[in-house]
Each structure stands twice: as structure tokens, then as C-alpha cells.
Amino acid sequence: MTLTAPVATPATAAQQPPLLSVRNLRVWYALRKWGFGLAGYVRAVDDVSFDLPRGEAIAVVGESGCGKSSLMRAILGLVRPHSGQILFEGQDIWAGGREGMRRYRMQVGYVQQDPYGALPPFMSVRRILEEPLILAGIKDRKERLERIIRVLEEVKMSPPEDFLNKFPHMLSGGQQQRVVIARAIIRDPKLLVADEPVSMLDASVRVEILKLLRQIQEEHNLAVIYITHDLSTVRYFSERIFVMYAGKLIEKASVKDILESPRHPYTKALLAAIPEPDAENAKHLREVPPGEPPSLVNPPSGCRFHPRCPEILRGLCEVKEPPEVEVGPAHLTSCWLYAEERPSRTA
Amino acid sequence: MLRGAWKEIRHYPSAVIGLVIILIYAAISVYTVIAIPYEEAVRLWRGGEDIWGDNPRLAAPTWYNLFRKKKLPLTIKMDDKHPSVKDLGYQQVDDDLWVHDLEYAFDFQADEFPQDVALFFQAAFQKKAPYVSIVWIRPDGKEIRLEDLSIRGQRQVFLVSQAQRLHKKLRLPEGMDPVVPLFADDYKSENPQVLKGTYKVRLETTLFEADSTINSKLVVYGKVHGWAGTDHLRRDLSVALLWGAPVALSFGLLAATGVSVLTMIIAAVGVWFGGWVDAAIQRITEVNMVLPVLPILIMVGIFISRSLVVMLLVIVALSIFGASIKTNRAIFLQIKASPYIEAARSYGASDLRIIFFYMIPRIIPTIIPSLVLGIPSFVFLEASLAVLGLGDPVLPTWGKILDDARVNGALLQGHFYWVLLPSFALMITGIAFAMLGFSLDRIFNPRLREL
């Protein structure tokens, strides 16, 4: 089974559809002129497809501004895609209207980057955790309290009674992030979207939070989309890594393949940029891709990485978009270097 | 957050003083509404001579005597059942002629002349009305025959100030107060002084029918009255001053709360839905901000209604699209972008839930000081409208006292209390709410920066 199942594949009765499948997703933001005229689009996510089976964790990595957050927001149903589909258990999340979206949201948890900003400062921990339960229609106060206590124990905030009436500013950064995680999993979701969950935490608590997320994922058989720009935390966490550049997924592979045999020149550059705690590093300059991430309003023609690519094939990369090539088992990359058939160069 | 504010208030003496004044003010309001119910207050304030007839006109408050060497007299009032009234005998003189004499006696010790002397009569008869002679007996024994008159009505009044025949008989010098000859040691002297002592009034009644009767009442109008004085219609100003408190408090509170809460909700709705909703709210606000409020209120007062409730509604309607929409909007725009709102959307909170449970609670601490500071400005607005003659037609308020005082030239004629008391009440209100409001602002402001 290829990872990018074509849209036309019929989901047979025996073959359960993947938990989440994203088909040719485009998230474009309209740029307005004079308040109503259309001046173009910011192509934050452009033609992205992937499948996510139950219980699997994937990481989406890429620089700031590459479209990771837009992809995540589209998956959460917070922005309406320009085109393409997001199928959850085979159902388009936008097809069911308000009620369909409500049911979908019951099964998705969201862990944000800034734990303090993610918690309403005027609500107690109890109230914060109660909100998703109230919205899920649980009327019984006692049942809600039981679930809150259970989830607080699960995120290792014990004794839970000590935290119920605390306000977010009374908690440490790590504790705040545990509350955010508790809120994300309190409705027993099937999918968890984590947007750089540790980037704003102290290094000392990062590993703990990542281990906690991993443990929760395994216990609940959760599918997790882990969005980060930091490759060094990915290996703790996910089975597969998607590398995103300028709105496109340019390489999809297992963690092992990406870390040991990266194929796309951009992935290689990203890996080279991982800081290693070694005093020798201070003595030589690291090679990083030159230039800036491209504008998403007018992305470069052809391969979007070509202006920064050290291995550019002149006359091809800047003209034609590269196809997705299978370079190994379950290892896909969009790069002309690995294409078996290359069209003749124009220049 | 709010509980913390309560604890912090104690560290601000001005807030404590302001709060104490406001609490006293609220207690007075509650007392007034219970002691003088609304209907009673309106009846009293619109009443005429039948209610206020026994009060002096334009009398200063009693406490004014504390600042004076020459004490002003209080009103003395007694009817013919009063224990000090002496019955001098009832006898039949002829077949159809009876004589009945009464003698009123009162002690007068003030240093200034009273305002007026009045006798009220009420007669019962079949055909022939009874006849009364009024004789004034001074402490020095001199007797002055004030008037002879037949009592024909249910309520007939003899007023020394209006007894033309008496004035002629006494050869009253030009410009002299007619009560002076009755009370002065020597009214023809340069500077007549009050003769202190016991005065008597003898009523010599002649009745022409066996079952004919006559009732009377003596009022010696003083020059001080109550703790608030009286106005040109003999009305006790304390009624209006007391009723001014609940009216001002509820008006200010309702207007300020209504405006703050509605403004907050409108700003939140505009920010949350954005697009044309936000644009429409912004344009309405901009147009409304340049509309002159006072002229519109005057127009409403003249053409529609001067009722306090109508004014309240118009003021709220004109104020909700005010400058605070803009400041609230700025804060809400920041709140809307915060991650916890995105989180709330992701777990399925509805638009209304986000507006009321996630956005508005965040802004409430910043709203409270401006709400408290807004109360006196609405109280003053109501008073200014009343001074412009657009006060509520029935309710007694501080503004209407000031309006009456202005119309009747109170300050030109030296009726200081008429202006001083309502102004003082307004000032205290303003100061109390300002002291509390500014302290609350200092308490909540550091958090404002956090937003």
C-alpha cells in the first residue's frame, strides 16, 4: 500500500479506511484589495495528501512559515480548505455541516504551543477541564468531576484535588502544559494534534512532556500529528516524519530513514542544522541552505526549493514541478534527482 | 481576580471612604423609598396649600440658627384642641344668639420677627354664618383688634400679611412687614426689636344657630424649617432631597451599567464575527460619536417625553455606540487572537459561548473602574437636564430643586440653602464614586497591561 492512496481507491468493506486521510489539500488565504477585491492568494498549504492510520504518530517538520500551522488548522477544522478533502474515518469533515463538525471535534484533541496562552487566565483548572465535557453534553456534575480527576492523574498531576481550584498563573510551565494535554485528551479523542508542544518549555521538562505524550498515545492508541520545526525532538516521538517546505510535503519516510538516509536536499540541510552538544562545533561553520523560505504568494516555479538547492538540475527544477518518487520502502520524496524518467531539459 | 480586588481595596483609604459614602448613600435611598413610598412622594411634591399650608415659605433649614447670633423663629402651630387653649365660656345671650370665646397662648422667644401669622377657620351652620373677632394680646398687655369676619366656608384663612384693613388701621409705614407691629416693642422706632414673652390671641365668636360650631387653628410662621428648609411653594425640601438620592443612584447605576455592558457585548460581537458586522458597528460608532447628545436630549424632552425612564433609554441608546466601543474593540482584537480562543473553537465552543464565556470575562476587570466612574457623569447629566427645565415632570430630584431655585432667583434673594443642599448632594456623589473608581482603576490597571 502506498502512502498516497489515489482518491479513486475504493474503500472495501474488509479494508478499513485510515483514521485520517488528507487528499490534495489546499489552504489558500485570499488577499483582499480595497476590502473586497481579490489580489491573489497566500498558498500556505498546496496540494498536500497523506493518510494517517489509527494509533500512529507522525511528525510534520519544517521551517517557520512553511505552512505547518495552516495544515494543522485545516485538520482541526479551524480554516476551511480552498480545495481538497480531509476525511476522518472516511467522512469529509466539512460535509456534515455544523453537527458533523461538532461530532468530528469530539474526537480530536489539540495541544498548543504556548501553554499559558492556551489556558483562559480567568478559569480554574477544574473549569478549564470541565468546558470540553460540558460541550460534549455531559450534564452530571459528579461524572464530570470524576473524569477531571482521572485525567489529571493520567497527566501525572497528583494529587488532583490540589490543582482543581488553581488558576493557570499559579502553575509552572510544565504543569500548564500538562493541563493543556489533559484538556486535549479528556474526551478520549482518536486523534491528537500537537503544535510544537514543547518548544516553549524549559529544556528540563521537555523530555518529560514528550514521554508523557508518547505514553498517552500508546495507552489510548491515539493517532498523533506532531508539528515541529525541531528535528531533535522528533525521534522521541513519532514513527514517520513528513518534511514540509513552502506549503508542500517534500519527503515522507520513517524516522529511521529520514535520520539515516535523507534524500531530498532540503531534508539533508535540515538534518545538518540540528545542533549537537559538542564543543568542536564552535570551531567550524555549519552549512545551512542559503537564502530565505520563499514567499507563499508567488512561490517559485517548478520545485519550490530550487533557488536554495545545492544540487539543482538547471533547466529542469526551475521549470517543472517534481513528481513524488518512491525511493525506498514507504519512503517518498518529491525531487527530480530520484525520478527515473526526466523530461528533456529546456535550457 | 475580583476577590483579590476586594482585598486590595482596603489598602486604598480613598476607596474605603468612597465606598463608605456610597453605602451610606445606598442606605439613605433604601430608607427613603420605604419611609416615603413613590406615590406618597409624588403626592407630597405636587401638593399645594392643603398639604404644605402650615409651612413657612422659603424658610432656611433649622441648623442655620447655629451660625446666627439673632435666632430665627420656628413655626408655632396649634388648633383649638391644644391644651394651652383656654375656653373663656359659651353662653346664650338671646333666643338666637350665642357667644363663645377662646384664647390661644404661645411663648415667643426668637430674636427675629416671624414670617406671618395665620388663622384657619372652619364653620358649621344652617343659614346664618358665625362671626369672629380676632384680638391680638401682646406680652406688654396691649390689645390689637386684628379683624372681624364672618366664617362662611369650610376653610377660611386670615393672614396678617394680607389684612388690608389692619394695615390701614395701624398706619403701617411703607415697606414694613405687617407682622412687625404685632411683635415689636415699638414698631415706629428706627430699629424695632422683638418683644419676647407670651402672646395671646382671643377669638370672640358669635353664633346665630344652636348647633352651629366653629373650629380654628393658629399658625405663626417661622423663618426656619426642618433640616432642609422650604421652597417658594412652602414644600419641605427634605422630601425632594431624600428622593433625589434613590433617583440619582438608580439612574446613574442603570445608565452606567447598561452602557458599559451593552458596549462590551456589541464590541465583542463585532470583533468576533468581523467582516461587515464589525464594519457596520464601527461606522455607526463613528457617526454616533459626532452627534451632540445634549441637543438631542433637549429635543426628545420637548417633543416626546420628559419622563426619567424615556430619558434613561435615550441616554443609554446614544451612549452605547461611544468611544468605549473603540477601546473595548482594541482589547477584544488581542483576546480574539489568543491561543485559548483557538483551543475553545477546536473543542467545539459555539460563537455565543466564546463571546460570553471566553472573551467578555477577560475584559470585565477593566470595565469595572470605568463603570464606577461613569455613574456620577450620568447623575450630573440628569441634573443638567433638570436645570434646563427637562426634569421628570412628577419625580422630585436634585436637579429639579436646582431648577426651581434658579427660576425663583434663590441666590439673588439669599436663599443659599436652596442651591447649596442639592449641589452638595451632587458633589458628594461625584467625589465618592470618583474616589472609589480611581482606586479601582489603580487596582485593575496593572492587569490591563497583561491583556
Side-chain angles (χ1 to χ4, degrees), chain A residues 32 35-36 69 72-79 98-124 127-137 165 167-169 176 179-181 183-187 189 191-193 195-196 200, chain B residues 1-7 264 268 270 272-283 286 331-368 443-451:
Chain A
R32 296 280 171 212
F36 47 86
S69 294
M72 169 204 80
R73 287 165 58 82
I75 290 169
L76 287 167
L78 298 176
V79 288
R98 200 180 272 259
E99 181 54 31
M101 183 58 80
R102 203 185 74 85
R103 257 184 285 121
Y104 167 63
R105 282 181 169 154
M106 293 295 145
Q107 311 189 51
V108 183
Y110 179 26
V111 178
Q112 280 156 302
Q113 182 174 12
D114 166 15
Y116 183 62
L119 300 172
F122 48 86
M123 288 189 187
S124 64
R127 179 95 187 115
I128 288 168
L129 296 177
E130 215 167 16
E131 279 286 300
L133 296 177
I134 292 170
L135 291 167
N165 294 318
F167 285 85
H169 67 270
Q176 286 169 0
V179 175
V180 172
I181 293 168
R183 181 174 67 184
I185 61 169
I186 195 163
R187 295 196 295 206
L191 172 65
L192 195 67
V193 179
D195 179 16
E196 313 220 17
M200 294 195 55
Chain B
M1 226 171 191
L2 295 179
R3 212 177 305 151
W6 270 119
K7 278 184 198 155
M264 189 168 71
W272 180 248
F273 291 104
W276 65 266
V277 180
D278 192 30
I281 290 171
Q282 293 311 305
R283 296 301 89 74
E286 280 146 21
I331 303 172
F332 277 132
L333 281 173
Q334 278 185 40
I335 295 173
K336 187 189 179 183
S338 39
Y340 77 85
I341 299 283
E342 191 176 59
R345 282 187 68 199
S346 82
Y347 56 71
S350 64
D351 291 335
L352 284 183
R353 194 177 185 89
I354 287 178
I355 290 173
F356 286 100
F357 286 22
Y358 289 79
M359 289 169 75
I360 285 178
R362 192 80 196 271
I363 202 175
I364 280 175
T366 67
I367 287 293
I368 289 171
I443 292 168
F444 286 123
N445 240 348
R447 285 157 213 246
L448 211 148
R449 277 177 229 135
E450 265 179 37
L451 284 169

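Protein chains get the first letters and strands the later ones, always in sequence-line order, with residue 1 at the start of each.
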message = For A:Arg127, which atoms come within 4.5 Å of any heavy atom of chain B: side chain, backbone, both, or neither?
response = side chain
request  = Considering only heavy atoms and a distance below 4.5 Å, find which of A:Arg98, A:Gln113, A:Arg73 pairs most often with chain B.
outcome  = A:Arg73
request  = Would you mind reporting whether B:Phe273 and B:Ile355 have side-chain heavy atoms less than 4.5 Å apart?
outcome  = yes
query = Between A:Gln112 and B:Tyr340, do the side chains contain an N or O donor and an N or O acceptor separated by less than 3.5 Å?
reply = no
request  = Counting only heavy atoms closer than 4.5 Å, note whether A:Met123 contacts chain B via side chain, backbone, both or neither.
outcome  = side chain
query = Can A:Glu131 and A:Arg183 be counted as an ion pair, charged N to O under 4.0 angstrom?
reply = no
message = Between A:Leu78 and chain B, with a heavy-atom cut-off of 4.5 Å, which part of the residue counts as in contact: side chain, backbone, both or neither?
response = both
task = Among A:Arg102, A:Glu130, A:Arg187, A:Arg105, find the one that has a side chain to side chain contact (heavy atoms under 4.5 Å, CB included) with A:Leu135.
result = A:Arg187
